[in-house]
Amino acid sequence: MPADATSNGTADGVAAADPADGAEPTRIGIIGGTGPAGAALAARLADIGCEVTLGSRSKYRSMEVVDNILDRWPDRRLRIQPGANDLAAEEPTVVIATPWDAAAITARGVAEHLRGKVVATMSNALARVDDEFVPLIPPRGSVAASVQASLPDSRVAAALQHVPATELGNLDEPVHGDILICSDHREATWHIAEIVDRMPGARALDCGNLSNATAIEAFTAVLMQLNTRYRTRVALRLVGLDHVPISVLGGGPSGVDIAQPAAETVPD
């Protein structure tokens, strides 16, 4: 870790945002969080001051992944605890980070813990055919819509589909990208956006209803194809939009206790 970095931030002006003084930290559970995307998200969320429960089908696998994260970032105050998926599902806000074809089934298995909660999905239904990435369309149109159908008493939002795990988990660098969020529940969009806006370099954008998750998830195939063709890692950044936090644009949600963003994002 660079000598000029803080214990909960990074060097070169890239600093994580702590919750407002005196405020309770945001608690988030990640179901199926031991894969690359889930582990990267756990590290990033903990670095912005969240308390994270990293869930897995095996608590021992969760313990191993948490130990790896903490060993990689020993000088940061990362509050991540391991546990089984049902423990992660007990947190007030939940992210489902399983492979796409297990997301709805896994959600159904912990549905009793998720009633009334905001649940984010970050999976993409993709297949690789020769050198091409091909988007797959689940029966309900998207992974997020399938999870919402499995959780009728929860408020599901699609988010974080386009952020590569390597960049998301590198706490020495900002996220550098727009995070597209859609949901049939505006308060779910606002809630996830408030968390995303704490991530240095990230910008949350309200993309409307959950029906748009079909396009958002499928577009990941385009980004992965660009990565392959140009041997790089692209990030999505839309032009023509001034950054105003979604919670401010919407006047604040009802039914979910959401604080204002704790810090501005770091400019590009």
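What's counted below: heavy atoms across the whole structure, side chains too, no hydrogens, waters or symmetry copies.
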> Is a side-chain N or O of N170 found less than 3.5 angstrom from the main chain of D172, in a donor-acceptor match?
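Flag set: sc N170 to bb D172 pair under 3.5 Å.
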
> Given 3.5 Å as the limit, does a donor-acceptor pair link the side chain of T34 with the main chain of V65, or not?
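Checking the backbone N and O of V65 against the side chain of T34, no donor-acceptor pair under 3.5 Å is found.
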
> Are R198 and D47 close enough for a salt bridge, meaning some N to O gap below 4.0 Å?
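Between D47 and R198 there is no salt bridge, as every charged N stays at least 4.0 Å from the carboxylate O atoms.
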
> CZ of R233 to CG of N227: how many Å apart, nearest 0.5 Å?
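The distance works out to 6.5 Å.
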
> Pairs in or reaching into residues 69-93: which pass ring pair (Phe, Tyr, Trp, His ring centres under 6.0 Å), with residues at least two apart or in two chains?
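Found none.
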
> Group every Ile, Leu, Val, Met, Phe, Trp and Tyr by side-chain heavy-atom contacts under 4.5 Å, then state whether L226 and L180 land in the same group.
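Looking at the clustering, L180 is in the same group as L226.
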
> Around atom CG of D153, are there more than 12 heavy atoms from other residues, nucleotides or ligands closer than 6.0 Å?
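For D153, atom CG is crowded (more than 12 foreign heavy atoms under 6.0 Å).
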
> With rounding to the nearest 0.5 Å, note down the distance linking CD in E217 to CD in Q161.
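E217 atom CD to Q161 atom CD measures 5.0 Å (nearest 0.5 Å).
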
> Check for a donor-acceptor pair, side chain of T121 on one end and backbone N or O of I96 on the other, with a separation under 3.5 Å.
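No; zero donor-acceptor contacts below 3.5 Å.
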
> May I ask you to list the residues sharing a hydrophobic cluster with M63, side-chain cutoff 4.5 Å, ordered by chain and number?
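Besides M63, the cluster holds Y60.
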
> Should V52 and V118 be regarded as members of a common hydrophobic cluster, given that ILVMFWY residues are connected when their side-chain heavy atoms come within less than 4.5 Å of each other, either directly or indirectly?
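As far as the 4.5 Å side-chain criterion goes, V118 and V52 are connected within one cluster.
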
> Quick one: pull up CZ in R72 and CG in L70 and give me the separation to the nearest 0.5 Å.
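The CZ atom of R72 sits 12.5 Å away from the CG atom of L70.
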
> Where is the tightest heavy-atom contact between I80 and V66, given as atom of each residue plus distance?
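Scanning both residues completely, I find the closest heavy atoms to be O-CG1, 3.7 Å.
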
> Quick check against the 3.5 Å criterion: does S146 have a side-chain atom that pairs as donor or acceptor with the backbone of S142?
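Indeed, once roles are kept as given, a pair shorter than 3.5 Å links the two residues.
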
> For the residue pair A235 and H176, what are the closest heavy atoms and their distance?
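The pair with the smallest heavy-atom distance is CB-O, 2.9 Å.
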
> Is I31 reachable from L41 through a run of I, L, V, M, F, W or Y residues, each pair having side-chain heavy atoms under 4.5 Å apart?
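No; I31 is not reachable from L41 via cluster members.
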
> I need the minimum non-hydrogen distance between R115 and E112, along with the two atoms involved.
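Taking every non-hydrogen atom into account, NH1-CA, 3.3 Å.
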
> Tell me whether S183 contacts the main-chain N or O of H185 through its side chain, where contact means a donor paired with an acceptor under 3.5 Å.
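A pair under 3.5 Å: yes.
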
> Looking at G32, is its backbone amide N or carbonyl O close enough to the side chain of N85 to form a donor-acceptor pair, meaning the two atoms are under 3.5 Å apart?
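Between the backbone of G32 and the side chain of N85 there is a qualifying donor-acceptor contact (under 3.5 Å).
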
> How many angstroms lie between CD1 in I216 and OG in S211, if you round to the nearest 0.5 Å?
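Spacing of CD1 (I216) from OG (S211) equals 9.5 Å.
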
> For residues I28 and L114: do they belong to one hydrophobic cluster (side chain heavy atoms under 4.5 Å, members Ile, Leu, Val, Met, Phe, Trp, Tyr)?
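No: no chain of side-chain contacts under 4.5 Å links I28 to L114.
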
> Taking the side chain as every heavy atom from C-beta outward, state whether T228 and D131 have any pair of such atoms under 4.5 Å apart.
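Contact flag for T228/D131 side chains = no.
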
> For a quick test of reading the model, state the closest non-hydrogen atom pair linking Q225 to F133 and the distance between them.
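Closest pair (atom of Q225, atom of F133, distance): OE1-N, 2.9 Å.
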
> Judged by atom type as modelled, is there a donor-acceptor pair below 3.5 Å linking the side chain of N124 to the main-chain atoms of T220?
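Judged by distance alone, no pair lies under 3.5 Å.
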
> Would the distance check show the side chain of N212 and the main-chain N or O of C207 forming a donor-acceptor pair, the cut-off being under 3.5 Å?
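Yes, the answer is positive, given that a donor and an acceptor are paired below the 3.5 Å cut-off.
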
> Given 3.5 Å as the limit, does a donor-acceptor pair link the side chain of Q148 with the main chain of S154, or not?
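Looks like yes, one N/O pair under 3.5 Å.
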
> Tell me whether the count of non-hydrogen atoms from other residues, nucleotides or ligands lying under 6.0 Å of CZ in R57 goes above 12.
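Not buried by this count: 12 neighbours or fewer within 6.0 Å.
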
> Which residue pairs satisfy the ring pair (Phe, Tyr, Trp, His ring centres under 6.0 Å) criterion with at least one member in residues 193-227, sequence neighbours excluded?
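Only H162-F219 qualify under ring pair (Phe, Tyr, Trp, His ring centres under 6.0 Å).
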
> If every non-hydrogen atom of A157 is compared with every non-hydrogen atom of I181, which pair is closest and at what distance?
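Heavy atoms of A157 and I181 come nearest at CB-CG2, 4.3 Å.
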
> Considering only heavy atoms from C-beta outward, does the side chain of I48 approach that of I195 to under 4.5 Å?
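Yes, at least one pair of side-chain atoms sits under 4.5 Å.
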
> Looking at side-chain heavy atoms only, is the closest gap between L171 and L78 below 4.5 Å?
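L171 reaches L78 side chain to side chain.
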
> CE/M122 to CG/L168 distance, rounded to the nearest 0.5 angstrom?
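Between atom CE of M122 and atom CG of L168 there are 6.0 Å.
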
> Minimum heavy-atom separation for D206 to R186, with atom names?
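Residues D206 and R186, closest heavy atoms: OD2-NH2, 3.1 Å.
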
> Answer yes or no: is there a donor N or O on one side and an acceptor on the other, between the side chain of R128 and the main chain of V134, under 3.5 Å?
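No, the answer is negative, given that no donor and acceptor are paired below the 3.5 Å cut-off.
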
> With side chain to side chain contact (heavy atoms under 4.5 Å, CB included) as the test, pick out the partner of I30 among L45, T53, V94, T93.
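Of the listed options, the one satisfying the test is L45.
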
> Can you tell me how far the CZ atom of R203 sits from the CD1 atom of I179, to the nearest 0.5 Å?
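Here the rounded value is 10.5 Å.
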
> In this structure, would V110 and L54 fall into the same cluster of hydrophobic residues linked by side-chain contacts under 4.5 Å?
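V110 does not cluster with L54.
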
